[in-house]
Amino acid sequence: MQPFKPSQPRPALDESAPPQAELRIAITFKGRANAGPTKLAARLSSRSILSFAPEPGEMEKAIEALRQRGFIVSGRGRMTVSVRGSVAQFEHVFGTRLTPFKLSQKQSYSSDKVFYPAKGAPWNPDPSLSALIDDAYIQWPHIYLADPGASARPPSVGYYHLDVLKDVPAKLNVTNIHKERQHGEGIRVAMIDTGFDHSHPFFTRNGFTSSVVLAPSATNRHTDPGSHGTGESANVFAVAPKVTFIGVKLGDDADPNGGASILEGFQEALKHKPHVITVSMCYDLRDDNGVAELGELPNGLKPLEAEIQAAIASGIVVVFSAGNGHYAFPASMPEVLSVGGTFVAEDGAMTASDYASAFTSGIYSGRHVPDVCGLVGMLPNADYIMLPVPPGAEIDTGNAEHDGTTAGDGWAVFSGTSASAPQVAAVCALLLQKNPKLTPAEIKALLVRTAIDVLDGSASPASDPEGLGIKAGPGIDGATGAGLVDAYAAWQQA
């Protein structure tokens, strides 16, 4: 799990965009409001979003028009369509000029560059296509919140850390729910991430089962070179070992810059009718000065916002990581369950994780991130939870430099809010197993009402404009929201 690292503003490359470079594009529609979600003056909500749903047949006509112009449909949601096309196609159809922008190598972006209209670029879309859609938005690369054969048993390291199967359920007070013989049976949890190598002995020998589906351009259901999804998914099984786990893989094994956008992954997840969707990725909405959050949501992210709103309105619990020093979107959306971090020491003392984000949104008035917390380590590396990863893959080899494991052993010690989000998503599954009628808002209220107050410590200084880190204190506070989730207390009230 990698924290936010300061970097210079994104420079435009001194070159033109390659005509055949592939773009991930989100298409929005006017719907009954006769104006798309990016044109609405007020903020979208899970109530207002339905007025932007395409009229019957509207989406099909647009899809056919896009296909006639050479675009390939890669995903379809309730509110939006995702398509793929080349730079040349996009420039021709939308009457613009794209410029390559280099992305910071200090962040775990899903691609090292993006092709985007520069400020002042022309925008003269095909009129016949404009009559069928609201707009088209190139999807900016997202940030993964991450820093010989494997054994089912983890290696020994010489410092305090958590065993994912034993300590994570215990510290979240899940063990008492397991004693009631409830383990998440019948609840579908979709996790969107790099990939899921569940052939690791940790999963097979503990009897954990899953299905993995591929988002557009993702390859190979059985591998995970990025290793992030494999490791963090262990948090779901530790808390709710018998959920119906649906892994949505975004990664393209052959091309680190390939794979799917979060929107495409979200659209794929919706096809499988999940009760809970958990995502340990984000967009960092930091202003050009690198200090504070932007004042408004970029239009290119509003298609994802619309799909999330529609999912929540339909009763799906949507969980996002609060970020590791990032001003994380979509965690900043008020209806999303945003999960931050608490560090529980060996003696049981609790403190806010200075690795995890906490901020008051400048985009959504009155919104504070996070809502509640899971278990997260501390700076500099958040080495806290021993997790299974594909042997020799990215996190296995990279973390071995500081976490006490050996490169190639199939284990790494890490956490971040990438770990806390699936922990809490699995708690949501246990609540839904007990009471399937709970709404996303009711589940959030249950978790907030029963959370354990965290009194000490500060959140990440990188998500604080003052550079200090928001402090924890009595009651609902800036650093940890309502505090550390108490699963059994929430379950008793469900």
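In this chain, numbering begins with 1 at the start of the sequence shown. The basis for the numbers below is simple: all heavy atoms, side chains too, and nothing from hydrogens, waters or symmetry mates. Bear in mind the structure is a predicted one, so any value in this text is a computation, not a measurement.
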Colleague: Heavy atoms, side chains only, cut-off 4.5 Å: are Thr96 and Pro117 in contact?
Modeller: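 Yes. Closest side-chain heavy atoms under 4.5 Å.
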Colleague: Quick one, Phe266 and Ile308 - any side-chain contact, counting heavy atoms below 4.5 Å?
Modeller: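 They are in side-chain contact.
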Colleague: Quick one, Leu214 and Leu250 - any side-chain contact, counting heavy atoms below 4.5 Å?
Modeller: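 The answer is no, as the side chains (C-beta and beyond) never meet within the 4.5 Å cut-off.
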Colleague: Relative to the ring of Phe359, is the ring of Tyr327 parallel (under 30°), tilted (30 to 60°) or perpendicular (over 60°)?
Modeller: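 Correct class here is perpendicular.
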Colleague: Using a strict 4.0 Å threshold on nitrogen-to-oxygen distance, state whether Arg78 and Glu307 make a salt bridge.
Modeller: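 No, Arg78 and Glu307 are not salt-bridged.
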Colleague: For Glu268, give me all partners under salt bridge (charged side-chain N to carboxylate O under 4.0 Å, His left out), at least two apart in sequence or on another chain.
Modeller: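 Result, salt bridge (charged side-chain N to carboxylate O under 4.0 Å, His left out) vs Glu268: Lys271.
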Colleague: Please say which of Val454, Asp453, Leu455 ends up in a side chain to side chain contact (heavy atoms under 4.5 Å, CB included) with Met350.
Modeller: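 So, applying the side chain to side chain contact (heavy atoms under 4.5 Å, CB included) to Met350 and each of Val454, Asp453, Leu455, only Val454 qualifies.
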Colleague: I'd like to know if the side chain of Gln267 pairs up with that of Thr80 as donor and acceptor (distance under 3.5 Å, no hydrogens or angles considered).
Modeller: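 Their side chains do contain a donor-acceptor pair, which is all the 3.5 Å distance test asks for.
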Colleague: Please enumerate all residues that pass salt bridge (charged side-chain N to carboxylate O under 4.0 Å, His left out) together with Glu305, with sequence neighbours excluded.
Modeller: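 In terms of salt bridge (charged side-chain N to carboxylate O under 4.0 Å, His left out), with neighbours along the sequence ignored, Glu305 is linked to no residue.
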Colleague: For residues 63-75, which residue pairs pass the salt bridge (Lys or Arg N to Asp or Glu O under 4.0 Å) check, not counting sequence neighbours?
Modeller: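 Every salt bridge (Lys or Arg N to Asp or Glu O under 4.0 Å) pair that includes a residue of residues 63-75, provided the two are not neighbours, is Arg69-Asp126.
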Colleague: For Ile246, run the side chain to side chain contact (heavy atoms under 4.5 Å, CB included) check against His272, Lys273, Met191 and tell me which one passes.
Modeller: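 Single pass found, and it is His272.
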Colleague: So Phe94 and Trp123, would you call those rings parallel, tilted or perpendicular, with 30° and 60° as cut-offs?
Modeller: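 The rings of Phe94 and Trp123 lie parallel, inter-plane angle below 30°.
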Colleague: Taking the six-membered ring for Trp, are the ring centroids of Trp140 and Tyr116 within less than 6.0 Å of each other?
Modeller: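 Yes; Tyr116 has its ring centre under 6.0 Å from that of Trp140.
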Colleague: Do Asp371 and Lys444 pass the salt bridge (Lys or Arg N to Asp or Glu O under 4.0 Å) test, and can you show the C-alpha distance, the side-chain angles, and the key distance before you say yes or no?
Modeller: CA-CA 8 Å; Asp371 295 304; Lys444 181 188 285 193; 3.4 Å; yes
Colleague: Rounded at 0.5 Å granularity, tell me how far OG in Ser110 sits from CD1 in Ile262.
Modeller: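 Atom-to-atom, Ser110:OG and Ile262:CD1 are 7.5 Å apart.
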Colleague: Is Glu60 salt-bridged to Arg76, going by a charged N under 4.0 Å from an acidic O?
Modeller: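 Looking at Arg76 together with Glu60, the answer is yes, because their closest N to O distance falls below 4.0 Å.
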